[in-house]
Amino acid sequence: MEERYYPKSDFLNCVIGEEVTFEGEFGRQNLQCLLSYVDDPEDSNRDWAALLISQLFEDGELDQAALKEALLKLATDGHFDTRSEAILGLASGGAPEALELVSSLLTEDSVGVSAVEAAAYVAHKSLLPALYELRDWWDVDAYWREKAIKACETGVAHD
C-alpha cells in the first residue's frame, strides 16, 4: 500500500484539512503565511504550497496578484513536482505566462501528468508538436495526453 504524501508543515496540513480560513483580517494573515512557503527549504512544503496556492488562484477570489507572483516564483523551482504544480496552477487559472512555461515542461526529458494537463488548460496550437511527440514514448496517462491534444487542436480549453 502506497503511503500518502503530506507536507512537513503543521500549518499546511491544517490548510489541507480545511481548518484554516482565508476570509477577513485573520484570513489575510493566513494567506501571507501560506505565501511564505514559496521560500521554504523543505521540498514537500513548497510542493504543497504550490498546489494550495494554485487552488486559490483558480478560484479567483483572493489577492490574485500575490497568488500569481507566488506561482511564477514556484514555476522556476528546482524541485520537479513543485515546478510542475505551479505551472499547472497558472494554466488552470488562465495566466498568459503559462503558455511558455507549459511548452518548456513538455520538452523536458521527464514529462509529468501535470504538464500534459496544463497543456489542456492552455489549449494552444503551438503545443501540438510536443504533444504529438509524446505519443511515441509517453505512456504515463493516455487519457490526459489525448485530452490535451484535442484541446490544442480545437483551441477549446479543458473545463
Side-chain angles (χ1 to χ4, degrees), residues 1-124 127 131 138 140-141 143-145 147-148 151-152 156-159:
M1 178 174 234
E2 189 175 320
E3 187 175 321
R4 294 203 46 136
Y5 169 68
Y6 288 102
K8 292 190 176 179
S9 161
D10 290 336
F11 173 79
L12 292 175
N13 280 298
C14 287
V15 175
I16 294 163
E18 299 180 1
E19 301 169 33
V20 173
T21 183
F22 293 105
E23 297 176 9
E25 180 57 34
F26 193 62
R28 284 189 286 283
Q29 292 172 12
N30 285 336
L31 180 59
Q32 290 308 310
C33 184
L34 174 60
L35 293 173
S36 73
Y37 280 92
V38 301
D39 294 317
D40 196 272
E42 172 58 43
D43 289 343
S44 68
N45 290 340
R46 290 191 320 283
D47 185 21
W48 272 95
L51 171 66
L52 296 166
I53 293 167
S54 293
Q55 291 171 343
L56 294 173
F57 183 65
E58 187 176 350
D59 288 344
E61 295 179 13
L62 299 175
D63 183 349
Q64 291 303 107
L67 294 169
K68 183 177 177 180
E69 180 182 329
L71 289 173
L72 286 169
K73 182 171 186 171
L74 290 165
T76 62
D77 196 276
H79 183 249
F80 178 80
D81 292 336
T82 301
R83 183 172 65 254
S84 299
E85 193 66 56
I87 293 170
L88 174 57
L90 289 163
S92 66
E97 297 88 347
L99 175 59
E100 184 178 333
L101 294 164
V102 171
S103 180
S104 176
L105 270 184
L106 290 174
T107 58
E108 290 187 7
D109 291 337
S110 178
V111 177
V113 176
S114 295
V116 177
E117 187 178 347
Y121 283 107
V122 172
H124 195 275
L127 301 175
L131 290 168
W138 196 76
V140 177
D141 192 326
Y143 169 82
W144 272 109
R145 184 190 63 222
K147 193 165 198 62
C152 291
V156 178
H158 169 70
D159 54 0

Test: ring-ring contact (aromatic ring centres under 6.0 Å, His included). Region: residues 91-121. Which pairs qualify, not counting sequence neighbours? Tyr121-His158
Is there a side-chain contact between Glu117 and Asp141, using heavy atoms and a 4.5 Å cut-off? no
Would you check if Leu31 and Arg28 make a side-chain contact, meaning some heavy-atom pair closer than 4.5 Å? no
Non-hydrogen side-chain atoms of Ser84 and Leu105 separated by less than 4.5 Å: yes
Counting neighbours of CD on Glu100 that are heavy atoms of other residues, nucleotides or ligands and sit closer than 6.0 Å, is the number greater than 12? no
Evaluate side-chain contact (heavy atoms from CB on, under 4.5 Å) for Tyr6 paired with Leu12, printing each intermediate quantity in order. CA-CA 9 Å; Tyr6 288 102; Leu12 292 175; over 6 Å; no
Check: Pro7 and Asp47 side chains under 4.5 Å, non-hydrogen atoms: no
Test Leu106 against Val116 for side-chain contact (heavy atoms from CB on, under 4.5 Å), laying out the working first. CA-CA 7 Å; Leu106 290 174; Val116 177; 4.2 Å; yes
Do the side chains of Leu56 and Leu34 get nearer than 4.5 Å, heavy atoms only? yes
Within a 6.0 Å radius of atom CD on Glu23, are there more than 12 heavy atoms belonging to other residues, nucleotides or ligands? no
With a 4.5 Å limit on heavy-atom distance, are the side chains of Phe22 and Val15 in contact? yes
Non-neighbouring partners of Lys73 that pass side chain to side chain donor-acceptor pair (under 3.5 Å), sequence neighbours left out: Asp39
Under 3.5 Å: donor-acceptor pair, side chain of Ser103, backbone of Leu99: no
Is the closest side-chain heavy-atom distance between Leu74 and Glu85 below 4.5 Å? no
Considering residues at least two apart in sequence or located in another chain, which fulfil the salt bridge (Lys or Arg N to Asp or Glu O under 4.0 Å) criterion with Arg46? Asp43, Asp77
Close side-chain approach of Ser9 to Asp40, heavy-atom, < 4.5 Å: no
